[in-house]
Amino acid sequence: MQITLETKPYATLETDALVSYLFEDSDPVQGRIAEIDQSANGLLRKLSKSGELTGKSLEMTLVHAPAGLKAARLLLVGAGKRDKFEGATLRKIAGAASRYLKARSVKQFAFLVREGEVTEDAAQVIAEGALTANFESDKYKTDKKNDKSIDTVLLAGYSDKERASGEKGLSRGRVIADAQNFARDLVNEPANKLTPKILAEKAEAMAKEAGLAVEILDEKKIADLKMGALLSVAQGGPEPPRVMVVTYTPANLKPGAPVIGLIGKAVTFDTGGISIKPADGMEKMKYDMAGGATMLGVMRALAALKPNVKVICVVPSTENMVGGKAQKPGDIQTAMSGKTIEVLNTDAEGRLILADGITYIKQLGATHLVDAATLTGAIVVALSNVNVGVFGSDQPWTDQLLASAKAAGEKMWQMPMDDEYREFIKGSFADIQNIGSGKGGGAITGAWFIREFAGDSPWIHLDIAGTAWNDDAKPWLAKGPTGVALRTLVNLVMSY
Ligand code: BES
Ligand code: MN
Ligand code: ZN
């Protein structure tokens, strides 16, 4: 899909559809919408009076052959109450309009930004909304005859004077949305098409194309580094583990400057191991590599956006399988850090591979850490599919992330990390155990386990188990992988 700026008057655009939005006000027909209403002989006001056009959030009103416009259709999207309107609303409007139109076989539309909102940020979120809305998880469908997709979007409402800021916003939006779709593509792959080895090849190809430094650690290197926690998960199946290391270095890096470390869980399939999961819904565990995919997507975007801070990304990857060689409940493993771990439940494998990922990224020089992982079912119980669970060891660092989440329009909620919870994972026969001792708080004990390896480094853990996958399509996003947390993390790094 192409999205470009078009400064010609919107009424003269020969497009399949002109899209704009209106507010849930006593009179939703104002400003540019009132202008359109006038050239359409009062049609919109009539619809508003009759109660058909209200401006309610994501209400769709489609008018064919609107008088006074060269466009074949006019689509008006409800924007909800004006005082609640923000970037996230505009992103959803652009996405929902895209999906509404493509379902009706429209290939091309113009999006008219409202008066007073013609900014760089508006262009960015419209590009993000439209491009992420166009993504479908249909790669493996051979019958593409019902294939519907938007080819071209024109961004309208910008004057020649406003062109430069619009173009800037569009190009940033394109980079971020393409990176998000790149991550979603990886998450969408089934486990037979995406083993740790294949994921590493894709990461390497992405990094080379983007101009990022990349190193892939194979099973031999992983053993040399004594990553015992990662190896304990990998030993259950025939596919060897991989650790991807992707690095972005800014042009004038000052010695001693902080280095951001991003760690992503990439379990390409999680059966649970010997503590096996129930059959029902197990197919979804192909998305247990979403944290890793997000981090790779973040690096892809950073390569183009060029922040002023060095960023290292470490993605440990393995399958979690059952087999004669699989680790057993009660096994004691030694992590790369030297800490011993009692594996009470082989299904709590994400924290094991993150433990070694964190030890390694600290060794590489990362000072400020963020991990993302589909870590626990408990976070789904706590926050459902609405909020990402945020856990942090350092409030200023965590506050920066929460501010970025707000700016990027991703819902995230900070969870408690009281010392009391740490007691739950004290080991009986080793330093720590990989599950809590049966007192609830499963998402928090999971976070505490990871924190033990972060030590004193400011660290944030994002539990995306509930938010990385849409079970149902949203008006602005297809069913399947969401690419959640990518925009927040790009914002965090860019504003560091
Ligand atoms: N990958 C799962 C977590 C998960 C659950 C992701 C639901 C997406 C949706 C993780 O490895 C896991 O199995 N966690 C266990 C931990 C438990 C054994 C302490 C869980 O949440 O049940
Ligand atoms: Mn598991
Ligand atoms: Zn898992």
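For reference, positions follow the sequence shown, starting with 1.
- Between His461 and Trp459, the angle of the ring planes stays under 30°, which puts this pair in the parallel group of the 30/60° scheme.
- In this structure, OG1 in Thr132 is found 5.5 Å from CD in Gln180, a value given to the nearest 0.5 Å.
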Asn470 vs Thr482, test: side-chain hydrogen bond (donor to acceptor under 3.5 Å, both in side chains). Steps then yes/no. CA-CA 7 Å; Asn470 271 343; Thr482 61; 5.9 Å; no
### Task
Could you walk me through whether Thr152 and Gln2 pass the side-chain hydrogen bond (donor to acceptor under 3.5 Å, both in side chains) test, one step at a time?
CA-CA 5 Å; Thr152 316; Gln2 296 277 334; over 6 Å; no
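- Judged by distance alone, the side chain of Ser384 and the main-chain N or O of Val386 form no donor-acceptor pair under 3.5 Å.
- Side-chain atoms of Tyr10 and Glu35 include a donor-acceptor pair closer than 3.5 Å.
- Between Tyr21 and Phe85, the angle of the ring planes stays under 30°, which puts this pair in the parallel group of the 30/60° scheme.
- A salt bridge between Asp37 and Lys46 is absent, with no side-chain N of the basic residue lying under 4.0 Å from a carboxylate O of the acidic one.
- No side-chain donor-acceptor contact under 3.5 Å links Asp347 and Ser275.
- At a threshold of 4.5 Å between non-hydrogen side-chain atoms, the residues Met1 and Val153 count as touching.
- Residues Arg45 and Asp27 are paired through a salt bridge, judged by an N-O separation under 4.0 Å between the basic side chain and the carboxylate.
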- [ ] Run the numbers on Leu22 and Arg114 for side chain to side chain contact (heavy atoms under 4.5 Å, CB included), then give the verdict.
- [x] CA-CA 8 Å; Leu22 72 190; Arg114 288 289 299 272; 3.8 Å; yes
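- A salt bridge links Glu136 with Arg99; the closest basic N to acidic carboxylate O contact falls under 4.0 Å.
- For the atom pair CZ (Arg91) and CZ (Arg487), the distance works out to 4.0 Å, reported to the nearest 0.5 Å.
- Asn385 and Thr467 are not linked by any side-chain donor-acceptor pair at a separation below 3.5 angstrom, with hydrogens and angles left out of the test.
- For the pair Arg163 and Tyr158, the cation does not sit on the ring face, since its NZ or CZ is not both under 6.0 Å from the ring centre and inside 45° of the axis.
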Stepwise side-chain hydrogen bond (donor to acceptor under 3.5 Å, both in side chains) test for Asn320 and Thr271:
CA-CA 6 Å; Asn320 187 22; Thr271 67; 5.2 Å; no
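- For the residue pair Gln395 and Gln414, a side-chain donor N or O sits within less than 3.5 Å of a side-chain acceptor on the partner.
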**OP:** Could you go through the side chain to side chain contact (heavy atoms under 4.5 Å, CB included) check for Val77 and Thr61 one step at a time?
**Re:** CA-CA 7 Å; Val77 185; Thr61 308; over 6 Å; no
Q. Where do Glu86 and Thr89 land on the side-chain hydrogen bond (donor to acceptor under 3.5 Å, both in side chains) test, with the steps shown first?
A. CA-CA 5 Å; Glu86 52 186 9; Thr89 327; 4.9 Å; no
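- The cationic atom of Arg184 (NZ for Lys, CZ for Arg) does not lie both less than 6.0 Å from the six-membered ring centre of Phe182 and within 45° of the ring axis.
- A 6.0 Å sphere centred on CD of Glu115 holds more than 12 heavy atoms belonging to other residues, nucleotides or ligands.
- Surrounding NZ of Lys406 are at most 12 heavy atoms belonging to other residues, nucleotides or ligands under 6.0 Å away.
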